Amino acid sequence: MNWTAIAAIYRFEMARFFRTLLQSFVSPVISTSLYFVVFGAAIGSRIEEVEGVSYGAFIVPGLIMLSVITQAISNASFGIYFPKFIGTIYELLSAPISFLEIVIGYVGAAATKSLFIGVVILGTAALFVDLSIAHPFAMLAFLVLTCLSFALLGFIIGIWASNFEQLQLVPLLIVTPLIFLGGSFYSISMLPPVWQTIALANPVVYLISGFRWSFYGLADVPVAVSLFAIAVFTAICLGVIWWIFRTGWRIRN
Amino acid sequence: MQAMVEIADARKTYAGGFEALKGVSLDIRKGEILALLGPNGAGKTTLISCICGLAVPTGGAIRVGGHDVVDEYRRARNLIGLVPQEVNLEPFERVWNTVRFTRGLFGRPRDDARLEDILRRLSLWDKRDAKINELSGGMKRRVLIAKALSHDPEVLFLDEPTAGVDVELRRDMWEIVAGLKAQGTTIILTTHYIEEAEAIADRIGVIARGELLLVEETAALMARMGRKELRIELSSRLDAVPAALSGFDLALEEDGWTLVYAYDRSAERTGIARLMSAMGDAGIVLRDLRTHQSSLEEIFVDLVHGERSEGAA
């Protein structure tokens with residue numbers, strides 16, 4: 001394993017993040033604050049409590065997931081798409097490194113960035129509501145796994161995309177609706193029975209449910225099912241990446 | 001001499017069915033400068049891409065430093081530096097960081113003194129903190145070379161290094177290449193500029209339509225194929241080549257003021273002295289003499305066209 005090369009990619013990607021640190025830091029703080037103003041204060045005043053948790057506190061896990069998932073995808077997809085777009089990918093292809101090392105470097109950096117943003121949002125949320133974390137280790141595990149698995153998905157999108165429009169297509173048309181409909185701002189149990197059944201087909205439901213359980217011990221689906229769902233999702237992403245590695249699809253002509 | 005790069009029957013057929021390399025075999029010696037000449041789409045870049053890992057050959061075998069470029073890609077690529085044809089650089093990155101990044105990609109430990117030495121040699125040291133998009137086109141090409149040299153490669157591929165650069169910078173590039181050769185680096189460059197190949201290459205390979213037409217020492221190629229002409233300008237007009245000179249391979253130009261004598265420079269006797277004396281005897285007075293040797297460009301055009309007409313036959 002060429003660890004020096006992995007470190008070089010990781011450092012190079014993180015440098016891009018730190019160059020725009022203000023934007024990386026301020027943007028999630030502002031958007032989280034806005035969500036609290038809109039959902040927490042305006043709507044929350046009418047809902048008050050969901051299953052014994054104040055509405056403001058209830059939406060925190062969903063808010064974190066929303067940002068972490070979108071950031072992991074956009075960072076990883078942009079990270080690998082940009083070298084393809086400007087042509088610097090030749091360096092990666094002609095270096096003595098394996099595809100696995102390239103994936104670890106880019107996905108690792110994207111996951112780190114989204115984890116950082118997740119932690120910033122958690123900190124910001126703590127300023128607005130009283131937070132309690134019932135299972136801190138489980139919370140951290142869910143957070144890290146989500147960052148990693150969606151960074152893997154982002155990497156696949158970045159390899160697949162042949163223009164900037166395609167780069168935005170999957171996050172915009174599929175991932176964002178799934179997150180919003182996945183119980184970020186409500187409990188699945190608040191939906192009519194038919195929609196509850198339909199919602200179970202949404203993989204994000206399992207993620208948010210598991211993550212919320214680690215905060216408040218509340219879950220729409222059993223935690224084991226949540227863990228299983230994220231494991232399956234990660235395995236699918238790894239499988240696709242393995243296939244890309246085997247075939248050189250959209251990388252080596 | 002030991003072969004640094006061994007290419008045996010390398011083939012590349014793209015997914016669409018286009019056959020870019022039709023079985024190229026070539027040994028590149030350690031420490032030499034080899035120029036690959038060929039028209040656009042000849043397969044020069046494809047050949048380099050197959051050696052460096054940008055494309056996977058569909059047939060044959062390529063070894064660098066004795067290591068197969070597919071099965072032992074880590075060992076093979078460790079020896080290779082690549083300067084691509086396009087100026088592919090991250091616009092907002094700084095010179096120092098981008099060169100350091102490449103060194104890291106090749107698994108080499110951080111060595112600031114080594115990078116400083118490379119940047120100084122390429123006159124980039126003053127620009128080390130500049131962003132790429134602040135640099136001129138020539139400077140960007142130097143950065144590409146610095147990146148390619150950052151891990152001390154033994155073989156350097158330069159894919160059209162002087163395409164679209166001005167004369168001064170081209171001379172600079174030649175000096176850089178000569179300096180690298182002096183240090184023992186094997187250099188393979190592709191070029192459209194035949195003048196360039198003639199000036200700096202030890203050997204020249206000509207590629208057309210995915211096939212290697214020839215590989216030969218530059219000087220030998222020039223001597224073998226370089227016909228020389230003696231152009232004799234006359235002080236009075238002639239209507240035809242005088243009978244007294246019929247024993248010579250002479251042609252009279254249409255205007256009647258110039259006789260052209262074609263001869264083989266490498267032949268033991270060129271016949272020039274005899275011609276001069278015969279002309280004196282025939283009372284032909286000359287005004288001026290000029291010699292002209294066919295350039296590599298003419299040789300190249302002859303070769304490619306010859307191949308084409310053979311192919312068509």
Side-chain angles (χ1 to χ4, degrees), chain A residues 1-24 78-106 108-109 158-159 162 164 243-253, chain B residues 12 14-16 18 20 45-46 48-58 64 67 69-70 72-94 97-98 100-110 131-133 144 147-148 150-151 153 157 159:
Chain A
M1 196 65 107
N2 187 346
W3 290 107
T4 316
I6 296 173
I9 295 173
Y10 184 85
R11 204 173 40 235
F12 201 72
E13 281 301 295
M14 292 308 287
R16 201 202 306 278
F17 179 66
F18 286 117
R19 267 204 301 274
T20 53
L21 189 63
L22 197 68
Q23 185 194 329
S24 313
F78 184 78
I80 190 65
Y81 177 73
F82 194 55
K84 269 175 47 179
F85 178 67
I86 59 170
T88 52
I89 189 108
Y90 86 88
E91 273 203 282
L92 296 172
L93 300 180
S94 61
I97 51 174
S98 69
F99 189 72
L100 178 68
E101 287 152 358
I102 296 176
V103 172
I104 294 175
Y106 279 100
I159 293 279
S162 46
F164 274 101
W243 175 79
I244 292 173
F245 167 59
R246 296 286 300 170
T247 57
W249 181 70
R250 299 229 170 163
I251 315 174
R252 275 196 176 85
N253 49 34
Chain B
K12 174 68 185 176
Y14 285 102
F18 175 66
T45 300
T46 301
I48 289 190
S49 298
C50 285
I51 302 171
C52 298
L54 306 186
V56 184
T58 45
V64 177
H67 307 293
V69 296
V70 178
E72 298 173 274
Y73 69 92
R74 284 187 201 263
R75 284 169 186 270
R77 289 185 204 164
N78 256 321
L79 302 173
I80 300 175
L82 169 64
V83 180
Q85 196 170 339
E86 308 284 333
V87 181
N88 297 326
L89 289 164
E90 250 193 63
F92 308 113
E93 201 46 72
R94 293 182 196 280
N97 291 342
T98 188
R100 196 181 146 202
F101 171 64
T102 309
R103 187 176 167 86
L105 273 186
F106 279 79
R108 298 286 198 282
R110 185 175 174 171
K131 283 185 185 169
I132 300 295
N133 60 3
L144 286 175
K147 281 165 79 76
S150 66
H151 63 283
F157 286 89
D159 198 358

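Lettering of chains follows the sequences in order, A, B, ..., and the numbering in each one begins at 1. Because the structure is a prediction, the values reported are computed rather than measured. In what follows, every heavy atom counts, from backbone to side chain, and hydrogens, waters and symmetry copies are set aside.
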request  = State, yes or no, whether a side-chain contact exists between B:Pro84 and A:Glu91 at a heavy-atom distance under 4.5 Å.
outcome  = no
message = Counting neighbours of CH2 on A:Trp243 that are heavy atoms of other residues, nucleotides or ligands and sit closer than 6.0 Å, is the number greater than 12?
response = yes
Closest-packed option against chain A by number of heavy-atom pairs under 4.5 Å, given B:Arg110, B:Glu93, B:Glu90 = B:Glu90
task = Please examine the side chains of A:Thr4 and B:Arg108, heavy atoms only from C-beta on, and report whether any two atoms are closer than 4.5 Å.
result = no
ask   = With a 4.5 Å heavy-atom cut-off, do B:Phe101 and A:Ile9 have their side chains touching?
value = yes
message = Using the salt bridge (Lys or Arg N to Asp or Glu O under 4.0 Å) criterion, which residues pair with B:Arg77? Sequence neighbours excluded.
response = none
query = At what distance, to the nearest 0.5 angstrom, does CG of B:Leu89 lie from CD1 of A:Ile86?
reply = 8.0 Å
note = OH of A:Tyr90 to SG of B:Cys52, rounded to nearest 0.5 Å, is 10.5 Å
Non-hydrogen side-chain atoms of B:Tyr73 and A:Pro96 separated by less than 4.5 Å = no
key: Spatial distance of atom CZ (A:Arg11) from atom CZ (B:Arg100) [nearest 0.5 Å]   = 4.0 Å
More than 12 heavy atoms from other groups under 6.0 Å of CZ on A:Phe164 = yes
For chain B, the option from A:Ser94, A:Ala8, A:Gly87 that forms the most heavy-atom pairs under 4.5 Å = A:Ser94
ask   = Just how far is it from atom OG1 of B:Thr98 to atom CZ of A:Phe12, taken to the nearest 0.5 Å?
value = 5.0 Å
Under the side-chain contact (heavy atoms from CB on, under 4.5 Å) test, residues paired with B:Gln85 that sit two or more places apart = B:Thr45, B:Asp159, B:Glu160
